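Nothing here was measured: the structure is a model prediction, and the numbers come from that model. Only heavy atoms go into these numbers, but all of them, side chains included; no hydrogens, no water, no symmetry mates.
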Amino acid sequence: MDLTQGHTYLAIPGPSVMPEAVLRAMHRSAPNIYEGELIDLTYGVVRDLKTVARTAHNVAIYIGNGHAAWEAALANVIEPGDTVLVPTTGSFGHGWGEMAAGLGAECEVLDFGRRTSIDPARVAEALAGDSAHKIKAVLAVHVDTSTSARSDIAALRKAMDATGHPALLMVDCIASFGCDRFEMDAWGVDVMVAACQKGLMVPPGVSFVYFNDKAAKRRSEIARVSRYWDWTPRANPEVYYQLFCGTAPTHHLYGLRAALDLILAEGLDHVWSRHEVLAQAIWAACDAWSAVGPLELNIQETSGRSHAVTSLRIGQEHGTRLRRWCQDQAGLTLGIGLGMATEEDPKSDGFFRFGHMGHVNAQMIMGLLATVQAGMIALDIPHGPGAVEAAAKVVARA
Ligand SMILES: *Cc1c(COP(=O)(O)O)cnc(C)c1O
């Protein structure tokens, strides 16, 4: 029986669930973009975006999705013929590397497969072997959304520093921003990219490139940077329109204001802890399920798991069947397996993901887990007992 009426839950790893406060803030008539409240509101958003990234440096805002931020970041520091080192833990590292290749960079990929985090020692080894300093940047993804692998960015910085190599550390935090702990300045990140539709709970359309002084210096040495992607006037505008190189994304700014208010009212540390506990509840359920039958967490090592997305393996057919059941019978949309097998390959039906980023709480996650449990029962997918109970214990202890 179709039981989908009521609030649906889009539990895919972005776009994420939008809070009522964000939707209400965006539901309004067009503001004046030349004077008035939008101007002050924007500078407040810029200030608070830095707070959430734990940085005192610069942020440039782009009207575009995460791919736009990838290109924007690269366009400011990479010239044709430069080499970038790309340690990958899933699809998104490859995607960023391809973006660099499209701008004429040589792309050196260090592939860590799809089930582990970046090994900083191997990155350091690659840098140590580059005595000519051809490598201008290391492009690392904090949380790879396809595999749900999370890498230790502070450790990566330490390993890079130990080699004395001058390459910039550029980090993709699109999936982790506002979910997993990230400290741009304390961790020594030179460039960071994020977007608004995941942990920031705003519909897709705005993305961010953060950069420190070392990256700004590198930017100043680049002979030619596209005027549109140039981060300099965006980060330090003399007049308001330079913030966006044109018309402001008016309604996104109202949405962002509301989202940042939610995050700051809760407290960033609490936001990170909430995501951690809810992730632990999910892992506890998955551990119980995987005691019998085909379900398996993609990332075995707890410390290498994202708190915002969880990738699962459940064997051919089951992943797609389970997603369909949850969506069609219960109003819960789960994420497809991404990059685990090509779409035409029947094996791709054996993967799925939980998105648990941004506006999520205990009852949503408990509902998600109990619904998946119901789906496995309905579809006769073998699974171990006690999953919902195990998750409840994590929530109860929090
Ligand atoms: C979602 C995501 C992207 C791409 O963002 P788009 O808005 O889809 O362009 C890049 N990197 C990571 C880690 C992501 O999660």
Side-chain angles (χ1 to χ4, degrees), residues 9-14 16-17 89-90 114-118 141-155 173 175-183 198-199 201 262-263 266-293 295-314 322 326 332 334-335 351-376 383-398:
Y9 176 11
L10 183 68
I12 68 174
S16 64
V17 174
T89 57
R114 302 195 157 269
R115 306 201 69 171
T116 57
S117 317
I118 295 170
V141 177
H142 186 207
V143 163
D144 188 290
T145 323
S146 61
T147 58
S148 67
R150 179 164 55 102
S151 292
D152 185 341
I153 300 300
C173 288
S176 57
F177 196 59
C179 305
D180 284 274
R181 173 175 290 275
F182 177 80
E183 316 239 8
K198 300 193 183 182
M201 311 171 282
L262 288 173
I263 289 172
E266 180 179 349
L268 194 49
D269 283 295
H270 191 278
V271 170
W272 290 333
S273 303
R274 169 168 54 85
H275 280 85
E276 183 174 8
V277 170
L278 295 177
Q280 284 166 347
I282 290 171
W283 305 339
C286 293
D287 283 342
W289 282 325
S290 52
V292 178
L295 186 132
E296 193 190 344
L297 281 154
N298 183 54
I299 304 293
Q300 303 287 311
E301 192 71 49
T302 323
S303 63
R305 289 181 195 155
S306 157
H307 297 161
V309 52
T310 299
S311 300
L312 295 147
R313 307 172 159 252
I314 195 169
L322 188 58
C326 289
L332 169 70
L334 304 175
F351 301 93
F352 66 109
R353 292 174 299 162
F354 298 146
H356 36 105
M357 40 179 55
H359 197 56
V360 284
N361 60 19
Q363 61 91 7
M364 292 163 79
I365 296 302
M366 291 309 296
L368 175 149
L369 295 169
T371 302
V372 169
Q373 170 86 57
M376 289 201 282
H383 57 276
V388 172
E389 177 85 12
K393 282 186 180 146
V394 174
V395 169
R397 271 201 313 266

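The shortest side-chain heavy-atom distance between I263 and M201 falls under the 4.5 Å cut-off. With contacts defined as side-chain heavy-atom distances shorter than 4.5 Å, the pair V360/Y9 qualifies. Between S311 and I299 there is no side-chain heavy-atom pair separated by less than 4.5 Å. For the pair T89/S151, a side-chain contact is recorded, criterion being any heavy-atom separation below 4.5 Å from C-beta on. Side chains of L278 and M364 form no contact here, defined as non-hydrogen atoms less than 4.5 Å apart. Between F351 and I314, every side-chain heavy-atom pair lies at or beyond the 4.5 Å cut-off. By the 4.5 Å heavy-atom criterion applied to side chains, D152 and S117 are not counted as neighbours. Within the 4.5 Å cutoff, no side-chain heavy atoms of V394 are placed close to those of W283.
Residue H275 holds its NE2 atom at 3.5 Å from SG of C179, rounded to the nearest 0.5 Å. Rounding to the nearest 0.5 Å places SG of C173 at 4.0 Å from CZ of F182. Note that CG of L369 and NE2 of H356 are 9.5 Å apart. Values are rounded to the nearest 0.5 Å. With values rounded to the nearest 0.5 angstrom, L334 atom CG is found 6.5 Å from F352 atom CZ. Atoms NE2 and OG, on H142 and S306 in that order, are 8.5 Å from each other to the nearest 0.5 Å. Separation of atoms SG (C286) and CG (L295) is listed at 5.5 Å; rounding is to 0.5 Å.
Screening R313, R305, R114 for a side-chain hydrogen bond (donor to acceptor under 3.5 Å, both in side chains) with N298, the sole residue that qualifies is R313.
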**OP:** Let me see the working for V372 and F354 under side-chain contact (heavy atoms from CB on, under 4.5 Å), right down to the final yes or no.
**Re:** CA-CA 10 Å; V372 169; F354 298 146; 3.8 Å; yes

| query | D287 and L297: side-chain contact (heavy atoms from CB on, under 4.5 Å), yes or no, with the steps? | reply | CA-CA 8 Å; D287 283 342; L297 281 154; 3.6 Å; yes

**Asked** Checking side-chain contact (heavy atoms from CB on, under 4.5 Å) for the pair R353/T310: CA distance, chi angles, key distance, verdict?
**Response** CA-CA 5 Å; R353 292 174 299 162; T310 299; over 6 Å; no

Fill in: From CA spacing to verdict: side-chain contact (heavy atoms from CB on, under 4.5 Å), V292, H383
CA-CA 5 Å; V292 178; H383 57 276; 5.9 Å; no

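Checking Q280 against H307 by side-chain atom types alone, no donor-acceptor pair falls below 3.5 Å. No side-chain donor-acceptor contact under 3.5 Å links E296 and W289.
Between P13 and T145, the shortest heavy-atom distance links the atoms CB-CG2, 3.4 Å. Between A391 and A281, the shortest heavy-atom distance links the atoms CB-O, 3.4 Å. Closest approach of A370 and V388 over heavy atoms only: CA-CG2, 3.8 Å. Of all the heavy atoms in A285 and A387, the pair that sits closest is O-CB, 3.4 Å.
Salt bridge E276/R274: absent, no basic N to carboxylate O contact under 4.0 Å. Using a 4.0 Å cut-off between charged nitrogen and carboxylate oxygen, D269 and R181 count as a salt-bridge pair.
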